[in-house]
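Okay, so here's the structure we're looking at.
Lettering follows sequence order; numbering is per chain, from 1.
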Amino acid sequence: MRVSVQVEAFHLGAEAEGFAQANNSAGAIVTFTGIVRDAPQGGLVAMEIEHYPGMTLKALNEIAQTAMERWSLADALVIHRYGRLAPGEQIMMVATAARHRKDAFVAAEYLMDYLKSRAPFWKKEILNDGGAGWVAARDEDEDALTRW
Amino acid sequence: MRVSVQVEAFHLGAEAEGFAQANNSAGAIVTFTGIVRDAPQGGLVAMEIEHYPGMTLKALNEIAQTAMERWSLADALVIHRYGRLAPGEQIMMVATAARHRKDAFVAAEYLMDYLKSRAPFWKKEILNDGGAGWVAARDEDEDALTRW
Amino acid sequence: MEVLYFAWVRERIGLPRERVETRAITVADLVAELCSREDRYAAAFADLSAIRVALDQELSDFDAPLQGVREVAFFPPMTGG
Amino acid sequence: MEVLYFAWVRERIGLPRERVETRAITVADLVAELCSREDRYAAAFADLSAIRVALDQELSDFDAPLQGVREVAFFPPMTGG
């Protein structure tokens with residue numbers, strides 16, 4: 001299990017390949033990668049991601065550890081960036097390795113649902129008209145937690 | 001959308017990276033990779049994968065096309081190998097790109113459920129005691145289709 | 001028509017494909033005709049619930065008519081992924 | 001204790017962290033004390049349903065006691081992923 005909170009870009013290809021190779025007796029590997037999308041109204045210049053340094057790693061480790069135990073994962077990986085990202089840049093990824101595909105999928109969805117609403121990150125959209133705004137938490141993201 | 005049926009190994013890292021780069025306005029990328037596991041009783045020497053050349057690409061294209069439309073995917077990728085594979089080798093992968101994570105996840109699960117039970121592949125386990133046996137379809141894989 | 005066999009169906013019948021001249025109306029008729037020819041067919045088709053059929057590369061079933069069909073394939077439930 | 005602010009809570013209050021000497025019993029008491037000090041706090045804490053709190057880096061709630069707590073953080077609902 002590895003959790004990383006970092007400013008630097010990560011290399012999805014290298015991470016996915018390394019994770020799969022390290023878990024080649026697992027059977028099923030799922031990855032999720034989040035990419036900075038343009039704002040709904042267009043004109044996104046950058047996404048600024050703030051986090052709570054003292055809490056972030058702890059929260060991510062707890063979330064990943066819970067997933068590891070609940071679905072008997074062979075391995076889990078969480079990488080989340082902070083700082084200023086341009087549209088098209090990769091923000092974060094998770095990877096799960098399990099014996100069967102169901103566990104790998106459901107654990108990856110669990111990680112994502114908890115990262116969305118329980119990991120101390122906040123996103124601010126910087127627009128090309130000089131405007132800026134904090135991304136509001138979506139009710140459906142909070143609701144997604146009720147299924148776990 | 002790309003579908004490939006091939007003997008050659010694919011490179012998960014390069015495929016995942018290429019897919020994510022090509023879909024960097026999509027927001028959410030999910031990949032699934034299947035790896036040859038040891039037999040339940042141990043002693044797996046190889047997994048021989050047979051397929052139905054006239055039908056395989058057609059079936060995979062139909063499955064991928066259905067997923068593209070049903071979840072408004074930005075893109076989908078399916079790679080499935082056949083021939084003789086050693087334990088630890090990657091058999092197949094799928095990737096999905098969507099605006100939101102839910103669609104990317106559910107479409108990838110749909111692709112996997114249909115690949116398992118509706119794409120004309122058959123697996124034979126070759127064991128180190130000289131034995132060999134065709135992998136039986138699992139009821140739970142067939143049942144998984146009922147949710148779609 | 002061309003008749004194709006895959007996986008253990010192929011192994012039991014002993015060949016991957018063959019040309020069959022038949023007047024069978026449905027897939028089930030064709031199976032009955034093959035089984036009446038030789039034991040290896042009867043062995044392969046002993047439990048039809050364990051066998052799937054494709055007509056011209058589309059999944060079908062044993063009731064389906066064969067008229068106009070050029071390629072019939074028999075195989076066990078698929079195990080891709 | 002150390003009090004930390006993130007995202008628009010930080011922007012409204014105008015600083016990321018500060019040292020606060022208080023006898024507040026609960027988080028809600030602390031919030032009330034801060035709001036009574038200056039308008040910028042009252043503005044930031046105007047709608048508590050939009051604010052989350054962590055005590056010593058664990059998510060908590062406004063009823064929680066502050067005894068023994070060294071670090072309190074206020075922030076909007078998280079938007080990771």
Side-chain angles (χ1 to χ4, degrees), chain B residues 3 5 32-37 47-64 78-82 85 90-94 108-126 132-145, chain C residues 1-22 26-27 30-31 34 39-81:
Chain B
V3 167
V5 180
F32 177 92
T33 309
I35 297 173
V36 179
R37 262 205 325 266
M47 180 82 87
E48 286 182 358
I49 302 176
E50 180 174 342
H51 79 121
Y52 180 175
M55 181 176 170
T56 315
L57 261 183
K58 202 160 98 170
L60 295 185
N61 269 307
E62 280 175 15
I63 293 167
V78 177
I79 301 173
H80 205 303
R81 297 174 65 190
Y82 62 96
L85 280 74
Q90 295 164 1
I91 306 179
M92 50 75 59
M93 72 172 286
V94 304
E109 290 197 70
Y110 173 92
L111 289 175
M112 286 310 303
D113 283 354
Y114 270 81
L115 284 178
K116 279 275 170 193
S117 305
R118 290 293 181 272
F121 292 96
W122 301 275
K123 295 187 187 125
K124 189 177 196 173
E125 292 176 336
I126 313 296
W134 293 96
V135 174
R138 301 191 310 167
D139 287 344
E140 62 195 88
D141 283 332
E142 186 64 29
D143 293 346
L145 297 187
Chain C
M1 67 183 58
E2 289 291 309
V3 183
L4 282 65
Y5 310 108
F6 293 97
W8 57 255
V9 180
R10 169 179 57 71
E11 290 179 336
R12 286 189 198 175
I13 290 172
L15 75 181
R17 62 193 298 154
E18 61 184 320
R19 183 147 194 92
V20 174
E21 302 300 333
T22 180
T26 67
V27 176
L30 172 63
V31 169
L34 291 169
D39 283 351
R40 57 197 170 104
Y41 293 100
F45 290 112
D47 178 9
L48 284 189
S49 74
I51 297 193
R52 302 289 177 267
V53 59
L55 302 183
D56 290 335
Q57 293 118 35
E58 289 281 350
L59 279 177
S60 187
D61 54 62
F62 289 92
D63 296 333
L66 289 175
Q67 190 171 16
V69 169
R70 291 181 297 181
E71 185 173 300
V72 180
F74 295 105
F75 41 77
M78 295 161 273
T79 54

TODO: Would you please classify the geometry between the C:Tyr5 ring and the C:Phe45 ring as parallel, tilted or perpendicular, with 30° and 60° separating the classes?
DONE: perpendicular
Options [options], ranked by heavy-atom pairs under 4.5 Å with chain C, top entry:
| options | answer |
| --- | --- |
| B:Ala119, B:Gly133, B:Gly34 | B:Ala119 |
| B:Tyr82, B:Phe32, B:Tyr114, B:Tyr52 | B:Tyr52 |
| B:Arg138, B:Met92, B:Glu142, B:Lys58 | B:Lys58 |
| B:Ala59, B:Ala136, B:Pro120 | B:Pro120 |
| B:Arg81, B:Met112, B:Arg118 | B:Arg118 |

Task: Which portion of B:Lys116 sits near chain C, non-hydrogen atoms under 4.5 angstrom - done: both
Open item on the list: So which residue, C:Pro16, C:Pro76, C:Ala54, C:Ala50, ends up with the most heavy-atom pairs under 4.5 Å with chain B?
Closed with: C:Pro76
Task: Contact winner vs chain B - C:Asp56, C:Leu59, C:Leu4, C:Thr79, heavy-atom pairs under 4.5 Å - done: C:Thr79
Heavy-atom distance under 4.5 Å between the side chains of [X] and [Y], does that happen here?
| X | Y | answer |
| --- | --- | --- |
| C:Met78 | B:Phe121 | no |
| C:Phe74 | C:Leu30 | yes |
| B:Leu111 | B:Ile63 | yes |

TODO: Measure distances from C:Arg52 to the heavy atoms of chain B and classify the residue's part below 4.5 Å as side chain, backbone, both or neither.
DONE: neither
Open item on the list: Can you tell me which portion of C:Ala7 sits under 4.5 Å from chain B's heavy atoms? Options are side chain, backbone, both or neither.
Closed with: both
Open item on the list: Check this for me: C:Asp47, atom CG, are more than 12 non-hydrogen atoms of other residues, nucleotides or ligands nearer than 6.0 Å?
Closed with: yes
Task: Carboxylate-amine/guanidinium proximity below 4.0 Å for C:Glu21 and C:Arg19 - done: yes
TODO: Decide, yes or no, whether a salt bridge links B:Glu50 with B:Lys124 under the criterion of side-chain N to carboxylate O below 4.0 Å.
DONE: no
